[in-house]
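Bear in mind the structure is a predicted one, so any value in this text is a computation, not a measurement. Labels below follow one simple rule: chain letters A, B, ... track the order of the sequence lines, proteins then strands, and each chain is numbered from 1.
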2 protein chains.
Amino acid sequence: MSKQELSIETVDGCCVPIMDAALDSTAAVEGATVFKALADPVRLRLMSIIASAGAEICVCDITPQFDVSGPTISHHLKVLREAGLVDCERRGTWVYYWPLPERLTWLSTLLSVPTPATT
Amino acid sequence: MSKQELSIETVDGCCVPIMDAALDSTAAVEGATVFKALADPVRLRLMSIIASAGAEICVCDITPQFDVSGPTISHHLKVLREAGLVDCERRGTWVYYWPLPERLTWLSTLLSVPTPATT
DNA sequence: GCGCTGTCTAGACGTTCATCTAATCAAGCA
DNA sequence: TGCTTGATTAGATGAACGTCTAGACAGCGC
């Protein structure tokens, strides 16, 4: 269950803040893919719930917090998984998810403002 | 030309890193709107070009760097503008754009990993 | 005024996305 | 084995999105 389709290695070339240097087309495509994973209210809240849980969290504890159906949650979790933002493991009847902080760190670095020296 | 539709004030409630606390629905909607603005390769590259320019940059210097039409660039710039990521001003014949780093800082904070203490 | 250049707006069109229901798969238990 | 619960996959549908062409607007120079 560890199928990440975007590895951090493939995009290490754009780990420079965008205020430092412009991204090339390839980096932009890969970066946009990750942002797209967070560009939905349900997924962004899913990500924050999983990330702030402090430990792995069961799908059965996540689904009741949303107004959408189970399959929809499952779909969104898959998108987050394919973006390399979370990973999961089935343990018995339940499936547990946890965050992959490296990806968050990478995004945070990409968007960071190095020197806020206002002119 | 300073119509930001999302002010930073309206979303200050979610300036806590998502690893610290889960977002509520409202914050998730507003956050997702900003991420959506960066969730397209053209817009992400636009943002990086404007942000890394060091100063304001003319649309006429931006458009030639892309393979899409002028109106398409104009459309994407409008999305970035409405997300509060850039602002612009017409000066004579040309229109100049510059980044609004506060928004980038806000996103970066949202995604930051407070204590990378790996278990 | 008139034409030229740069940019944006309007509308159309094809694609992608979010969501649902129904069906399937996985695991536990009587 | 068969039933029950939890989660995912498959397929369909309506909305949103990215792009284009055509047209409009703003400013400059003759």
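OP1 or OP2 of D/dT8 lies within a sub-4.0 Å distance of a side-chain N or O belonging to A/Tyr97. The phosphate of C/dG6 has neither OP1 nor OP2 within less than 4.0 Å of any side-chain N or O from B/Arg90. Here A/Ser69 reaches the OP1 or OP2 of C/dC20: one of its side-chain N or O atoms lies under 4.0 Å away.
Going from atom CG of A/Leu77 over to atom P of D/dT9 covers 11 Å, rounded to whole Å. In this structure, CG of B/Leu38 is placed 12 Å from P of D/dG18, rounded to the nearest angstrom. Atom-to-atom, CD1 of B/Ile73 to P of C/dC8 comes out at 10 Å; the value is rounded to the nearest Å. Rounded to whole angstrom, the span from the OH atom of B/Tyr96 across to the P atom of D/dG27 amounts to 14 Å. Between B/Lys36 atom NZ and D/dA15 atom P the separation is 15 Å, expressed in whole Å. Separating the CD1 atom of B/Ile62 from the P atom of C/dG6 is a distance of 15 Å, rounded to the nearest angstrom. Summarising the geometry, the separation between CD on A/Glu89 and P on C/dA26 is reported as 16 Å, rounded to the nearest angstrom. Per the geometry, NE2 belonging to B/His76 stands 12 Å off P belonging to D/dC17, to the nearest Å.
Ranking C/dG6, D/dT5, C/dC20 by closeness to the B/Thr93 side chain, first place goes to C/dG6. Of the listed nucleotides (D/dG6, C/dT7, D/dT19), D/dT19 has the atom at the smallest distance from the side chain of B/Asp40. For B/His75, counting side-chain heavy atoms from C-beta on, the closest listed nucleotide (C/dG6, D/dT19, D/dT9) is D/dT19. The side chain of B/Thr72 approaches D/dC20 more closely than any other nucleotide in the set D/dC20, D/dG27, D/dT9.
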request  = Give the C-alpha distance, both sets of side-chain angles, the deciding distance and a yes or no for side chain to side chain contact (heavy atoms under 4.5 Å, CB included) between B/Leu107 and B/Phe35.
outcome  = CA-CA 8 Å; B/Leu107 284 180; B/Phe35 280 116; 3.8 Å; yes
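When each of B/Pro71 and B/Val79 is assigned the nucleotide of DNA chain D with its nearest heavy atom, B/Val79 is the one assigned upstream, toward the 5' end. Map A/Arg43 and B/Lys78 each onto its nearest nucleotide of DNA chain C; the residue landing nearer the 5' end is B/Lys78.
An end-to-end axis angle of 10° holds for the helix from C/dG1-D/dC30 to C/dA30-D/dT1, taken from five base pairs per end and rounded to 10°.
In the hydrophobic clustering of ILVMFWY residues, with side-chain heavy atoms under 4.5 Å counting as a link, A/Leu80 and A/Val68 come out together. A/Val29 and B/Met47 fall into different hydrophobic clusters, where Ile, Leu, Val, Met, Phe, Trp and Tyr side chains are chained together by heavy-atom contacts under 4.5 Å.
For the pair B/Ser108 (side chain) and B/Leu104 (backbone), a donor-acceptor distance under 3.5 Å is absent.
In this structure, B/Gly70 reaches neither bases nor backbone, as no heavy-atom distance under 4.0 Å exists between it and the strands shown. Residue contacts shown for A/Arg91 are absent, as no nucleic acid heavy atom lies under 4.0 Å away.
Contacts between residues 46-61 of chain A and DNA chain D, defined by a heavy-atom separation under 4.0 Å, are made by A/Cys58, A/Val59, A/Cys60.
In this structure, the side chains of A/Leu46 and A/Gln65 stay at 4.5 Å or more apart for every pair of heavy atoms.
Rounded to the nearest 0.5 angstrom, A/Glu89 CD and A/Arg91 CZ are separated by 4.5 Å. Interatomic distance, A/Phe66 CZ to A/His76 NE2, rounded to the nearest 0.5 Å: 8.5 Å.
For B/Arg90 and B/Tyr96, the positive end is not near the middle of the six-membered ring at less than 6.0 Å and at most 45° from its axis.
Closest heavy-atom contact between B/Asp87 and B/Arg81: CA-CG, 4.3 Å.
No donor-acceptor contact under 3.5 angstrom links the side chains of A/Thr109 and A/Ser112, judged on distance only.
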